[in-house]
Amino acid sequence: MEIGDGVSGSTVVLDADQAAAMHRLRELVDRRGRPVRRHRGIYLHGRPGRGKTMVMNRFFAEVSSERKRRFHFHEFYAQLNQAAHTTGSIDKAVDAMLGDARLICFDEFHVHDIGDAMLVARLLDTLFARHIVLVVTSNYPPAQLLPNPLFHDRFLPTIERITAHLDVVSIDGPLDYRTRIDHRSVAHSTGFAAGRYETCAAGGGDTGSIEVPVGARVLRARSVDGAAITFEFATLCGTPTSAADYVELAHRFRRWTICDVPPLREVPPDWAMRLVNVVDVLYDADLELRISARVPLAELVDCVLGVPDIGRLASRLCELSQFAPARVG
């Protein structure tokens, strides 16, 4: 199956899973391309790099109605928290963000902690009560959301509501398209605007002397030059930064460099998880990223344990052109 990209006039070839998912998504709109009220939504899941976001984005672009919203989950949480602070109410914040939408698309739907789980449950209840058509992409089938055995049972009622209102569709072919040199012309359409990955000598650089305010805190960057910012890995990911911080910074800086990244098995899991989150944010925003690491890409995520979504990080970093060896900093 071939579809146009809606921008350049070129077409991409979809594999069997992607084509089947696109067919199912197109059933959510009428002949005029408007969302069909009270229609069951779609839950797209599969391993990283299989084209879930590409399929959802192309479907979203085809919908002619203005009553549609697309969110990346990190971006949504950041906006929701800001709106809740402004309005003083989570429910009012949800109302403000949804507006009059009849179609909501969520990219990278995931639930890793109980706090997020309770918020997700309230959000989904609102969406389903309003009969808003919902499309989500996820690396996890519904049954694997909030996998922590200490809390998973508490999320089961929400999982049941998900499967009651959404059709679960797999996009999980054998190939991670990000590992292919020609993936952009085959079955992928999002990623880093430009960037590279290179190996570098360990340590020895300036760890950061430029103060960058982010919300109520101050981060220290190695350098700031207009729309470009450079962080040491330990400074950015070794301090309690959040995905909301990265979202705010991504609105201010279009070109990012993260220096002196060690093998992630050598750092605490929360450090590695922050790198996953910052790359998620930059990837969704299609920003330029340069990674300078102590080891080749294949070794960066080798033998990393206890970090959710580490596979997605590895897949997304394949978008970066690789240079090795090089001495940086």
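Residue indices begin at 1 and follow the sequence shown.
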Check whether any side-chain heavy atom of Asp172 sits under 4.5 Å from a side-chain heavy atom of His45, and report yes or no.
no
Taking side-chain hydrogen bond (donor to acceptor under 3.5 Å, both in side chains) as the definition, give me every residue that meets it alongside Glu66, ordered by chain and number, with sequence neighbours left out.
none
If you round to the nearest 0.5 Å, how far is CD1 of Ile114 from CZ of Arg154?
4.0 Å
Hey, does the side chain of Arg312 reach the backbone of Ile310 with a donor-acceptor pair shorter than 3.5 angstrom?
no
Do Leu275 and Val267 make a side-chain contact, defined as non-hydrogen atoms from C-beta onward lying under 4.5 Å apart?
no
Tyr140 and His112 aromatic centres sub-6.0 Å
yes
Would you say Arg178 and Ser315 are linked by a side-chain donor-acceptor pair, where the criterion is simply a distance under 3.5 Å?
yes
Is Phe71 reachable from Leu287 through a run of hydrophobic residues whose side-chain heavy atoms are each under 4.5 Å from the next?
no
Tell me whether Arg274 contacts the main-chain N or O of Thr239 through its side chain, where contact means a donor paired with an acceptor under 3.5 Å.
yes
Hey, are the side chains of Leu44 and Phe109 touching, using non-hydrogen atoms and a 4.5 Å cut-off?
no
Determine, using the 4.5 Å side-chain heavy-atom cutoff (strictly less than), whether Leu134 and Leu103 are members of one ILVMFWY cluster.
no
Are side-chain heavy atoms of Val133 and Val36 found at a separation under 4.5 Å?
no
Does the salt bridge (charged side-chain N to carboxylate O under 4.0 Å, His left out) test come out yes or no for Arg47 and Asp176, once each step is laid out?
CA-CA 8 Å; Arg47 288 168 291 174; Asp176 179 346; over 6 Å; no
Is there a donor-acceptor pair closer than 3.5 Å between any side-chain N or O of Gln144 and the backbone N or O of Asn139?
no
Under 4.5 Å between side-chain heavy atoms, counting indirect links through other Ile/Leu/Val/Met/Phe/Trp/Tyr residues: same cluster for Phe231 and Leu313 or not?
yes
Smallest separation among heavy atoms of Ala93 and Thr87, with atom names
N-OG1, 3.7 Å
Students often mix this up, so state it plainly: with edges at 30° and 60°, are the rings of Phe128 and His165 parallel, tilted or perpendicular?
parallel
Do the rings of Phe76 and Phe73 sit parallel, tilted or perpendicular, given the 30° and 60° boundaries?
parallel
State plainly whether the residues Asp17 and Arg50 are in salt-bridge range, i.e. N to O under 4.0 Å.
no
Arg316/Asp280 under salt bridge (charged side-chain N to carboxylate O under 4.0 Å, His left out): CA gap, chis, key distance, verdict
CA-CA 8 Å; Arg316 287 183 164 173; Asp280 278 350; 2.7 Å; yes
Taking every heavy atom of Val301 against every heavy atom of Ala314, the minimum-distance pair comes out as CG2-CB, 3.7 Å
Quick one: does Glu62's side chain get under 4.5 Å of Leu25's, heavy atoms only?
no
Nearest heavy-atom pair of Ile210 and Val224: which atoms, and what distance?
CG2-CG2, 3.8 Å
Closest heavy-atom pair, Thr163 versus Arg40, reported as atoms and distance to 0.1 Å, is O-NH2, 3.3 Å
Donor-acceptor under 3.5 Å (Arg67 side chain, Asp100 main chain):
yes
What one should report as the nearest heavy-atom pair of Thr158 and Ala121 is OG1-CB, 3.4 Å
In short, Thr230 meets Cys259 closest at the heavy-atom pair CG2-SG, 3.7 Å
With sequence neighbours left out, the residues meeting side-chain hydrogen bond (donor to acceptor under 3.5 Å, both in side chains) with Asp116 are none
